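Shown next, in structure tokens, is the structure this report addresses.
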There are 2 protein chains.
Amino acid sequence: MKHKNVIALASRITEKAHRLIIRELEAHGIDGIVPSHGDILVNLLNGEKYTMKDLAEKIHRTKPTVTVLIDKLVDFGYVTKIKSNEDSRVTFVELTEKGLGLKPSFMEISEKMNAIVYKDLSDKEAEFIEAVLGKINRNLDE
Amino acid sequence: MKHKNVIALASRITEKAHRLIIRELEAHGIDGIVPSHGDILVNLLNGEKYTMKDLAEKIHRTKPTVTVLIDKLVDFGYVTKIKSNEDSRVTFVELTEKGLGLKPSFMEISEKMNAIVYKDLSDKEAEFIEAVLGKINRNLDE
DNA sequence: CCTTTATTATTAGACATCTAACTATATGGC
DNA sequence: GCCATATAGTTAGATGTCTAATAATAAAGG
């Protein structure tokens, strides 16, 4: 019990993973996209449409943040906003054709990431570490 | 090998830990300080003085970022900047008395954080998870 | 020496993110 | 039916962070 640096490691891993994702996206010709945009797009890749609020919850960001993120994705032509008919406060977000076209790249990047992260980890180790991280994650929900 | 979400967990853990740190700092009456400021201060708590560049490396941030962070810490009166005599390009940063006074709070917060993160983890589990996270962290240094 | 190259730090500009405040709409109680 | 309250989304303002460019100084090579 001498080290006590799970948080520092988690932080460094998160940042390196984010940089890797951005680098890979650029390598696939996808520019100006940060991981949060990616998270949104991944959620939309099943073809469903979601409200701004739904997306905010899914990617663990606030609504104002999602407004900005989505506006950028609209500018890039990856998604469209659709006003709800039933409740005019609500805005749905849906992938465009161009957005749907990102799927192969996203799957490749995801596989590449997993190959790096889980390199030389046995299935047992992978399972164990996810279980423990899950526990720590819950512990932090004060 | 079904989950594959170490990165997502690391990301959530990092963010929750950061929020917890900020909340605890405020509870100790330390306001306007984010984890990066904390990282800098923790590094200075041994009484040594470090250059801007040193600090940037220690906290894994760029030099422009550290310039901004330090300027804020100077405004708050926690640190002072001292021009080097030997090399006039170099600026040293050192804790003030007020900065030194943060030590007890920082230690308390660190202990509280460890208590939460390592709650119901055996020593063996803690050791193992840090070893595996260390491995993943290195794997990401492409 | 003097010029080129390297190094330290800052400034400028961009962006994701947050909280707080605001708008607009819906819902629920009386 | 109206008014209070809740909910969805945006806008405004602040801040940490980055990259690129700049300034100032040091070191190195001819």
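This structure is a prediction, so every number in the text was calculated from the model and none was measured. Below, chains carry the letters A, B, ... as their sequence lines are ordered, and counting in each starts from 1.
Within the 4.0 Å cut-off from OP1 or OP2 of D:dC18, at least one side-chain nitrogen or oxygen of B:Thr65 is found. Neither OP1 nor OP2 of D:dG9 sits under 4.0 Å from any side-chain N or O of A:Thr67. Residue B:Lys63 places none of its side-chain N or O atoms closer than 4.0 Å to OP1 or OP2 of C:dA9. Look at A:Lys83 and you won't find any side-chain N or O under 4.0 angstrom from OP1 or OP2 of D:dT10. An OP1 or OP2 oxygen of C:dC18 is reached within less than 4.0 angstrom by a side-chain nitrogen or oxygen of A:Thr62.
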Under-3.5 Å N/O pairs linking protein and nucleotides 23-26 of chain C:
{"unit_1": "C:dT25", "atom_1": "O3'", "unit_2": "A:Ser88", "atom_2": "OG", "d": "2.9"}
{"unit_1": "C:dT25", "atom_1": "O2", "unit_2": "A:Arg89", "atom_2": "NH1", "d": "3.3"}
{"unit_1": "C:dA26", "atom_1": "OP1", "unit_2": "A:Ser88", "atom_2": "N", "d": "3.2"}

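If you take CG of A:Asp54 and P of D:dA8, they are 9 Å apart, rounded to a whole angstrom. Put simply, NZ on B:Lys53 is 19 Å from P on D:dT25, counting in whole angstrom units. A straight line from CD1 of B:Ile59 to C1' of D:dT17 spans 11 Å, rounded to a whole angstrom. Rounding to whole angstrom units, CG of residue B:Leu55 and P of C:dT8 are separated by 13 Å. Summarising the geometry, the separation between CD on B:Glu57 and C1' on C:dT7 is reported as 12 Å, rounded to the nearest angstrom. D:dG16 atom P lies 9 Å from atom CD1 of B:Ile22, rounded to whole Å. A straight line from CG of A:Asp31 to C1' of C:dA14 spans 14 Å, rounded to a whole angstrom. Following rounding to the nearest Å, A:Lys81 (NZ) and D:dG9 (P) show an atom-to-atom distance of 9 Å.
Listed for the B:Thr96 side chain is a donor-acceptor partner under 3.5 Å among the backbone atoms of B:Tyr78. Under a 3.5 Å cut-off, the side chain of A:Lys135 and the backbone N or O of B:Leu121 do not form any donor-acceptor pair.
For the salt bridge (Lys or Arg N to Asp or Glu O under 4.0 Å) with B:Asp141, the qualifying choice from A:Lys119, A:Arg12, A:Lys16, A:Arg19 is A:Lys16, the only one to do so.
If B:Thr91 and A:Lys72 are placed on DNA chain C by their nearest nucleotide, the residue sitting closer to the 5' end is B:Thr91. Toward the 5′ end of DNA chain D lies the nearest nucleotide of A:Val90, the other residue of the pair A:Val90 and A:Pro64 mapping further downstream.
Crowding of A:Lys81 atom NZ: a count of heavy atoms from other residues, nucleotides or ligands under 6.0 Å exceeding 12. Within 6.0 Å of NZ on A:Lys112 lie no more than 12 heavy atoms contributed by other residues, nucleotides or ligands.
Note on B:His37: only backbone sugar-phosphate atoms sit closer than 4.0 angstrom, heavy atoms only; bases stay farther off.
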#### Entry: Verdict with supporting geometry, B:Glu57 and B:Lys53, salt bridge (Lys or Arg N to Asp or Glu O under 4.0 Å)
CA-CA 6 Å; B:Glu57 279 167 8; B:Lys53 178 190 163 75; 3.5 Å; yes
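Taking the side chain of B:Val68 as heavy atoms from C-beta on, and the options C:dT10, C:dT17, D:dG16, the nearest nucleotide is D:dG16.
Residues B:Asp87 and B:Ser84 bring no donor and acceptor atom of their side chains to less than 3.5 Å of each other.
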